[in-house]
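Before any comments, here is the structure.
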Number of protein chains: 2
Amino acid sequence: MLFSTKAEYGVRLMVELGRQPGSAPISLNTVAEAERLPLSYLEHLVAKLRKADLVTSTRGAHGGYRLAKPAELITMDAVVEALEGQIAPMECFHETPEGKVLCSHEFDGDRACSTKLLWTRVQGGVTKALAGTTLAELVEFSAPGGRTEAAIVNAA
Amino acid sequence: MLFSTKAEYGVRLMVELGRQPGSAPISLNTVAEAERLPLSYLEHLVAKLRKADLVTSTRGAHGGYRLAKPAELITMDAVVEALEGQIAPMECFHETPEGKVLCSHEFDGDRACSTKLLWTRVQGGVTKALAGTTLAELVEFSAPGGRTEAAIVNAA
DNA sequence: GCAAAACCGACCGCTTCGGTAGGATTTAAG
DNA sequence: CTTAAATCCTACCGAAGCGGTCGGTTTTGC
């Protein structure tokens with residue numbers, strides 16, 4: 001599995017928040033029941049989303065969570081990264097500001113790392129998919145009269 | 001991390017086999033020293049590659065391993081899948097012969113799974129990268145006078 | 001004051017990861 | 001025939017992460 005349920009549950013949580021049009025905050029309990037997920041586990045996940053400034057919280061009775069910005073401006077790479085940590089195909093694959101750096105096994109420098117090409121391509125494919133998908137799309141797609149399966153193919 | 005060192009080491013192992021032109025089998029010990037990887041761990045990995053018919057073995061003194069087919073015909077999705085198991089972005093994301101099936105949380109059927117679109121795109125991006133890369137490319141890329149970094153971008 | 005809610009941190013059983021260890025079996029070379 | 005090299009097989013092991021659970025504290029509206 002590329003990702004754990006942290007990403008799965010967290011994305012569902014975000015979609016649930018994105019579905020509500022109003023300005024009233026939504027309690028985690030509401031989300032937990034709607035998605036049938038354990039409340040106390042969602043607490044851990046929403047904490048990560050809050051630290052990443054993807055949701056805001058209001059405490060006390062009738063409190064809850066809201067999206068920190070419009071769903072159209074939230075891309076899924078930020079969401080998944082907040083939940084799962086840095087997204088890289090491999091432990092030794094580090095991104096530095098100035099391009100990529102490999103590798104703990106790339107010794108001697110007498111020849112290129114044999115796996116660099118592969119992981120770079122994989123990295124590109126994943127980030128393109130994640131960064132190219134907005135929360136708004138997921139909300140629309142999963143709506144009762146949402147877009148059809150064809151939308152998946154079209155947006156390749 | 002999307003993949004563990006099983007994929008990393010296993011791919012290196014395959015590249016090392018692909019580098020040798022001759023028909024003589026290469027011992028794991030040779031590979032282990034060349035790539036500075038623990039021999040006894042490589043044994044586990046090569047067993048998976050053998051079960052997946054990606055390498056063949058000859059036992060006894062001067063034995064070792066060879067690629068089961070030309071490097072041009074070995075795509076990395078088969079290699080990674082042999083090492084890491086089925087590649088899917090998420091536990092609940094199952095591929096059936098007739099398309100995709102979701103989801104353990106997609107209850108009631110009254111609305112689409114909110115994460116299906118996302119994971120389908122991720123899946124597509126990863127498999128495209130893996131299936132679109134052959135072992136021969138990695139061998140060439142990592143050769144002493146191999147192709148430059150630009151090859152990575154070009155082959156997007 | 002009470003109840004609802006966000007917050008926080010500790011704990012727990014389970015599986016995987018990365019690796020080690022010890023052997024058994026096969027085979028080529030001397 | 002013996003020995004060394006190599007594949008093959010199974011069991012084990014510490015560490016870490018996963019998927020929660022629990023108990024409690026704090027904040028806030030009614």
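Just so you know, these numbers come straight off a predicted model, no measurement behind them. Proteins get letters first, then strands, A, B, ... in listed order; numbering begins at 1 in each.
Taking atom CE of M1(A) as the reference point, atom C1' of dT16(C) lies 12 Å away to the nearest angstrom. A straight line from CG of L37(B) to P of dG18(C) spans 12 Å, rounded to a whole angstrom. Rounding to whole angstrom units, CG of residue L83(B) and C1' of dT16(C) are separated by 15 Å. Here the C1' atom of nucleotide dT7(D) and the CG atom of L17(B) are 14 Å apart, to the nearest Å. Distance CG (L13(A)) to C1' (dG19(D)): 16 Å, rounded to an integer number of Å. Distance, Y9(A) OH to dG19(D) P: 7 Å, rounded to whole Å. As rounded to whole Å, 14 Å separates atom P of dT20(C) from atom CG of L28(B).
With Y65(A) as the fixed residue, the side chain to side chain contact (heavy atoms under 4.5 Å, CB included) test singles out one of L42(A), V46(A), T56(A): V46(A).
When each of N29(B) and T5(A) is assigned the nucleotide of DNA chain D with its nearest heavy atom, N29(B) is the one assigned upstream, toward the 5' end.
For dA6(D), neither phosphate oxygen OP1 nor OP2 lies less than 4.0 angstrom from any side-chain nitrogen or oxygen of T58(B). OP1 or OP2 of dC18(D) has at least one side-chain nitrogen or oxygen of K6(A) nearer than 4.0 Å. The phosphate of dA5(C) has neither OP1 nor OP2 within less than 4.0 Å of any side-chain N or O from S57(A). Distances shorter than 4.0 Å separate none of the side-chain N or O atoms of Y65(B) from OP1 or OP2 on dA6(D). Between S27(B) and dA5(D) there is no side-chain polar atom (N or O) within less than 4.0 angstrom of OP1 or OP2.
Formation of a donor-acceptor pair under 3.5 Å by the E72(A) side chain with backbone atoms of T134(A) is not found in this model. With hydrogens and angles disregarded, no donor-acceptor distance shorter than 3.5 Å links the side chain of T5(A) to the backbone of E8(A). E81(A) contributes no side-chain N or O that, together with a main-chain N or O of I87(A), makes up a donor-acceptor pair within less than 3.5 Å.
Two residues are said to be in side-chain contact when any heavy atoms from C-beta on lie closer than 4.5 Å; K48(B) and L54(B) fail this criterion. K69(B) is not listed as a side-chain neighbour of D53(B), based on a closest heavy-atom distance of 4.5 Å or more. In this structure, V122(B) and V80(A) have side chains that are not in contact, with every pair of non-hydrogen atoms separated by 4.5 Å or more.
In the region residues 39-51 of chain A, proximity to DNA chain C at under 4.0 angstrom, judged on heavy atoms, holds for E43(A), H44(A), R50(A).
T75(B) and D77(B) share a side-chain donor-acceptor pair at under 3.5 Å.
A salt bridge does not link E16(B) with R12(B): none of the charged nitrogens is closer than 4.0 Å to a carboxylate oxygen.
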Polar atoms only, N or O, under 3.5 Å: list the protein pairs with nucleotides 27-30 of chain C and their distances.
from: dT27(C); atom 1: O2; to: A61(B); atom 2: N; distance (Å): 3.2

